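One structure is given below, encoded as structure tokens.
Worth knowing before you read on, the calculation uses all heavy atoms, side chains too, and leaves out hydrogens, waters and symmetry mates. Here the structure is a predicted model, which means the values were calculated and not measured.
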Amino acid sequence: MKTVVIIQARVGSTRLPRKVLLRLGDQTVLGRIVDRMRACKRVDEVVVATTHESADDAIIEECQRCRVRVVRGSEHDVLARYHHAALVSRATDVIRITADCPLIDPQLADQLIAQYRVHRNNVPPVDYISNTRPRSYPHGLDMEMFSMEALEVAHREATAAYEREHVTPYFYQHPERFHLENIVQQVDQSALRWTLDEPTDFVFFQAVFRHFGGTDFVTTAEVLKLLDQHPHLQRINAAVKQKKLRAA
């Protein structure tokens, strides 16, 4: 058994170009995400999946600096990119993370993995688990976990462009094919926005990391306490509309 976090990352972004290489304190956004996922106790390896585009040579350089395995694949067929990265890393189970979440929570990831492993022993065993269906955590703590067997099926059978681009829709659009689970928390924090898509999102993250000194490993509890004490911070990017996943 091998649990692998695969972080999808590329420099192309129309709303905030090269966002994954922007610096927050002493690290890039991507570097912070890699370090945070390496802090997971139940993860065996962290891998970055980027594209063959020459612009993403910058991602390769950053991964070399971070000493993390990086795999290149299709720019638009991200499902194929994930499948390839999972094969290369010999994953039996995959956690999907996007590279716009610099506050991604390793403790939450360990909780997700623990629940996944419990449900893998059920009949039928779980194929896919997330913390977004329904969502109770802040945008930016999103994570999905699925088996290599399920990934093989999706890679083989998914045909719609949006299924290929967004990796996991084939799972939850076919509940008759896959056993799906989700984790929720009692307090609904889904209105909080901790993801990096727009310039105002970056202003928010700069304010958060500046408060903590830029070098600290900031926990979810610390960020929640900061926002409770300084509610104006969460208003910085509150007006940003989350990009919707739409069928092609």
Checklist entry - With hydrophobic residues grouped by side-chain heavy-atom distances under 4.5 Å, do I6 and I33 end up in a single group? => result no
Next on the checklist: Would the distance check show the side chain of N131 and the main-chain N or O of I183 forming a donor-acceptor pair, the cut-off being under 3.5 Å?
Outcome noted: no
Checklist entry - Hey, is NZ on K2 packed in by over 12 heavy atoms from elsewhere, all under 6.0 Å? => result yes
Checklist outcome for this item: When every non-hydrogen atom of H84 is compared with those of V71, the smallest separation belongs to CD2-CG1, 3.2 Å
Next on the checklist: Any salt bridge linking E62 with R65? Criterion: basic side-chain nitrogen under 4.0 Å from a carboxylate oxygen.
Outcome noted: yes
Checklist entry - Got a donor-acceptor contact below 3.5 angstrom from the N182 side chain to the P134 backbone? => result yes
Checklist entry - Would F209 end up clustered with F204 when hydrophobic side chains under 4.5 Å apart are linked, directly or stepwise? => result yes
Item to check | Expected output: side-chain Q185 to main-chain V187 donor-acceptor under 3.5 Å | outcome: yes
Checklist entry - Is atom CD of E149 surrounded by more than 12 heavy atoms (other residues, nucleotides or ligands) closer than 6.0 Å? => result yes
Item to check | Check: I59 main-chain N/O paired with T50 side-chain donor or acceptor under 3.5 Å | outcome: no
Checklist entry - Hey, are D77 and R164 close enough for a salt bridge, meaning a charged N less than 4.0 Å from a carboxylate O? => result yes
Item to check | Backbone N/O of K19 and side chain of D100: donor-acceptor pair under 3.5 Å | outcome: no
Checklist entry - Any salt bridge between R32 and D26, counting N to O under 4.0 Å? => result yes
Next on the checklist: Is it true that E152 and H83 share a donor-acceptor pair across their side chains at a distance under 3.5 Å?
Outcome noted: yes
Checklist entry - Under a single-linkage definition using a 4.5 Å side-chain heavy-atom cutoff for Ile, Leu, Val, Met, Phe, Trp and Tyr, are L180 and V184 assigned to the same hydrophobic cluster? => result no
Next on the checklist: Is it true that, when you exclude Q186 itself, more than 12 heavy atoms of the residues, nucleotides or ligands shown sit nearer than 6.0 Å to its CD?
Outcome noted: no
Item to check | R23 atom CZ, neighbour heavy-atom count above 12 within 6.0 Å | outcome: yes
Checklist entry - So, D188 side chain and S190 main chain: donor-acceptor pair closer than 3.5 Å or not? => result yes
Checklist entry - Are the aromatic rings of H174 and Y170 close, with centres under 6.0 Å apart? => result yes
Next on the checklist: I want to check something: taking the side chain as every heavy atom from C-beta on, are V94 and T3 in contact at a cut-off of under 4.5 Å?
Outcome noted: no
Checklist entry - Backbone N or O of A161 within a donor-acceptor pair of the E165 side chain at under 3.5 Å? => result no
Checklist entry - Does Y82 belong to the same Ile/Leu/Val/Met/Phe/Trp/Tyr cluster as I95, with side-chain heavy atoms less than 4.5 Å apart forming each link? => result no
Next on the checklist: Here's one to test your reading of the geometry: is the NZ or CZ of R96 within 45 degrees of the ring axis of F146 and under 6.0 Å from its centre?
Outcome noted: no
Checklist entry - Do H179 side-chain atoms and P124 backbone N/O form a donor-acceptor pair below 3.5 Å? => result yes
Next on the checklist: As an exercise, state the distance from CG of L103 to CG of L24, rounded to the nearest 0.5 Å.
Outcome noted: 8.5 Å
Checklist entry - Same hydrophobic cluster for V20 and V46, using side-chain heavy-atom links shorter than 4.5 Å among ILVMFWY? => result yes
Next on the checklist: Donor-acceptor check, side chain of R193 to backbone of P138, threshold 3.5 angstrom: yes or no?
Outcome noted: no
Checklist entry - For R120, does the CZ atom have more than 12 heavy-atom neighbours from other residues, nucleotides or ligands under 6.0 Å away? => result yes
Item to check | Salt bridge present between D56 and R10 (N-O < 4.0 angstrom) | outcome: no
Checklist entry - Taking NZ, NE, NH1 and NH2 as the nitrogens, is one of them in D57 or R72 under 4.0 Å from a carboxylate oxygen of the other? => result yes
Checklist entry - Does any N or O in the side chain of T132 come within less than 3.5 Å of the main-chain N or O of R135, such that one atom is a donor and the other an acceptor? => result no
Checklist entry - Going by heavy atoms in the side chains, are Y172 and E144 under 4.5 Å from each other? => result yes
Item to check | ring pair (Phe, Tyr, Trp, His ring centres under 6.0 Å) evaluation trace for Y128 with F178 | outcome: CA-CA 7 Å; Y128 166 95; F178 304 100; 8.6 Å; no
Checklist entry - Does H211 reach the side chain of L226, with side-chain heavy atoms less than 4.5 Å apart? => result yes
Checklist entry - Ion pair present between R177 and E157, side-chain N to carboxylate O less than 4.0 angstrom? => result yes
Checklist entry - Is it true that the NZ or CZ of R36 lies under 6.0 Å from the centre of F217's six-membered ring and within 45 degrees of the ring axis? => result yes
